Amino acid sequence: MTEAPAAPAPSQGRARRRTARIVTVVGLLAAWVVITGVVTLMLFLGSSRETVIAGHDAVVRPTLSQYAVVEPGAILPDVRVPIDSPVGVDVRLGKTEAATTEELVSRYAFIASQPDAQIEKVTGLVTDMAVSAALRGAVAGAVPVALWLLLGARRRRELVRGVVSRRGLASGVVLVVAVGLIWQPWDGDDVTTGETQDADDTWITLADFLGPEVPLPAEAASLELRSDVTTTQSRRLIESAVSTYDTSLTFYSEAVDKVDDLELREPEDDETVVVFVTDRHDNIGMDPVARAIGDAAGATAVFDGGDDTSTGQPWEAFSLDSVQRAFSDYDRWSVIGNHDHGDFVGDYLGDLGWTRLDGSVVDGPGDSTLMGTDDPRSSGLGNWRDEPGLTFDEVRDRITEDACASEERINTLLVHDASLGRGALEEGVSTS
């Protein structure tokens with residue numbers, strides 16, 4: 001007569017159950033990490049953002065190429081530059097308001113000489129896409145884990161038996177076929193599409209393209225152009241862009257270097273220095289110069305007197321991005337000028353954190369009082385927007401009346417045109 005096997009000790013049973021729980025938890029975490037990673041990568045690489053870059057409507061897409069690629073369209077060749085990041089970016093430029101190709105190329109070169117604001121904008125968009133993809137991927141990875149836990153062991157065994165049955169296998173085949181019909185992976189692009197052509201294109205350095213007779217700045221050494229029929233017919237435009245880039249970079253860099261030679265008055269402990277910028281008209285090259293002067297003078301705030309653009313259109317956002325980058329850590333106040341037509345400029349600066357003056361009294365730098373309003377020759381009339389058609393003189397009279405009626409004495413009146421504030425100044429002097 002054989003003896004029955006001895007029952008496992010209680011401590012051994014607890015150890016096995018504990019080990020099983022640990023294995024289950026590790027397995028579920030591993031499944032969540034893998035699913036999250038795969039879904040995040042798919043969503044990220046399939047993401048895009050529409051924005052305005054270099055005066056164009058643009059679409060920004062992340063890639064894994066470790067290059068920043070700019071596709072300007074049919075007239076100019078694609079450009080790429082290597083970046084020190086595992087994530088690359090593809091910027092496809094669309095509609096622009098440039099009147100001529102020469103004007104467009106000149107703008108590219110000028111922006112390229114001060115590219116940091118546009119780089120930060122694209123970096124922010126790629127970061128936003130990465131965060132969005134990661135959040136959605138984490139949720140997608142949690143769904144099967146949650147279902148596993150909610151079903152329980154008994155229901156999971158029932159489902160497994162159902163899947164391996166004849167009916168389960170048939171249902172699985174039908175599901176796979178349905179997904180395939182919806183996805184249709186065999187329905188690829190036509191052989192004449194740009195993606196297929198891209199595979200046959202080669203990239204050449206800017207130095208090889210222009211030849212040894214055209215001197216290049218050191219910053220352009222890593223720049224590459226797509227070699228195709230468009231490239232070979234654009235050599236003169238590219239040469240012009242290189243010349244404009246080099247001239248702009250040299251001129252404004254030298255201006256920044258000379259700031260240290262300026263004899264500036266040092267502020268007292270109870271004084272606040274404010275930089276005043278106005279009538280920039282898309283001249284982003286002056287922004288680092290203005291910032292350097294402000295830093296040398298001990299400034300902590302900036303007044304923007306308007307006319308940051310020439311037309312007030314969204315394609316000029318590069319100018320606003322540039323002044324924002326130059327003074328992002330200053331206290332900032334702004335009005336818009338007569339060339340900043342429409343609401344875009346003022347609203348854009350407001351979204352970037354600038355305090356928009358609307359005819360009311362606000363706290364200014366250094367515990368001062370500040371008042372200002374937009375130029376009436378644009379569409380912005382401060383808090384008088386509900387009264388369209390006001391003339392320049394009528395707005396000037398309103399400012400004078402409101403400034404003089406203020407219970408607090410106005411220290412600073414910020415306007416684009418000095419004539420708008422002349423009446424208030426004269427009244428203030430006569431009553432002081």
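Quick caveat: nothing in here was measured; it's all calculated off a predicted structure.
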Criterion side chain to side chain contact (heavy atoms under 4.5 Å, CB included) against D308, the qualifying member of D282, N283, L349: L349
Worked verdict on L149 versus L28 for side chain to side chain contact (heavy atoms under 4.5 Å, CB included): CA-CA 9 Å; L149 296 174; L28 292 176; 3.6 Å; yes
S360 backbone acceptor or donor facing D358 side chain under 3.5 Å: yes
T123 backbone acceptor or donor facing T127 side chain under 3.5 Å: yes
Shortest non-hydrogen contact between L264 and A296, atoms and distance: CD1-CB, 3.7 Å
S48 OG to R92 CZ distance, which is reported to the nearest 0.5 Å: 10.5 Å
N/O donor-acceptor pair under 3.5 Å between R356 side chain and G350 backbone: no
L41 side, atom CG; T36 side, atom OG1 - distance, nearest 0.5 Å: 12.5 Å
Main-chain N/O of T250 paired to S253 side chain as donor or acceptor, under 3.5 Å: no
Chi angles and distances behind the side chain to side chain contact (heavy atoms under 4.5 Å, CB included) call for F327, D304: CA-CA 10 Å; F327 297 104; D304 189 332; over 6 Å; no
Heavy-atom side-chain contact between D279 and H416 under 4.5 Å: yes
Basic-acidic side-chain contact under 4.0 Å: R280, D287: yes
Short N-O contact, D295 and R291, less than 4.0 angstrom: yes
Short side-chain to backbone donor-acceptor contact, H56 and G94, under 3.5 Å: yes
Heavy-atom pair with the smallest gap, counting every atom of A54 and Q118: N-OE1, 2.9 Å
Whether H339 side chain and T311 backbone form a donor-acceptor pair below 3.5 Å: no
Short N-O contact, D90 and R61, less than 4.0 angstrom: no
Side chain to side chain, D57 and V52, heavy atoms closer than 4.5 Å: yes
Polar side-chain atom of W32 near backbone of A138 as donor-acceptor pair, under 3.5 Å: yes
Exceeds 12 heavy-atom contacts within 6.0 angstrom, atom CG of D329: yes
Residue E408 excluded, over 12 heavy atoms near CD under 6.0 Å: no
Straight-line distance of L45 CG to M129 CE, nearest 0.5 Å: 10.5 Å
Candidate pair V69 and V79, rule side chain to side chain contact (heavy atoms under 4.5 Å, CB included), full reasoning: CA-CA 6 Å; V69 180; V79 179; over 6 Å; no
Side-chain donor/acceptor of S47 to backbone N/O of L43, under 3.5 Å: yes
Distance-minimising heavy-atom pair for P288 and Q114: CG-OE1, 3.4 Å
Min side-chain heavy-atom separation H341-T309 under 4.5 Å: no
Working for side chain to side chain contact (heavy atoms under 4.5 Å, CB included), residues D375 and I336: CA-CA 6 Å; D375 194 294; I336 67 173; 5.9 Å; no
Smallest separation among heavy atoms of L414 and V335, with atom names: O-CG1, 3.7 Å
Pairwise distance CH2(W354) to CD(Q324) - rounded to 0.5 angstrom: 7.0 Å
Any side-chain heavy-atom pair of V274 and Y330 under 4.5 Å: no
For the student: nearest non-hydrogen atoms of A58 and L93, plus distance: CB-CD2, 3.9 Å
Between CG on residue L352 and CG on residue D321, distance to nearest 0.5 Å: 6.5 Å
Donor on one side chain, acceptor on other, D340 and Y348, under 3.5 Å: no
Non-hydrogen side-chain atoms of I53 and V122 separated by less than 4.5 Å: yes
Pairwise side-chain contact, R398 with P376, heavy-atom cut-off 4.5 Å (strictly under): no
Closest contact, heavy atoms only, R325 versus A117: CD-N, 3.5 Å
Point-to-point distance, once rounded to the nearest 0.5 Å, from OH of Y252 to CG of D257: 15.0 Å
Atom CZ of F276: over 12 foreign heavy atoms under 6.0 Å: yes
Side chain D307, main chain T278, donor-acceptor under 3.5 Å: no
Whether N411 side chain and T369 backbone form a donor-acceptor pair below 3.5 Å: yes
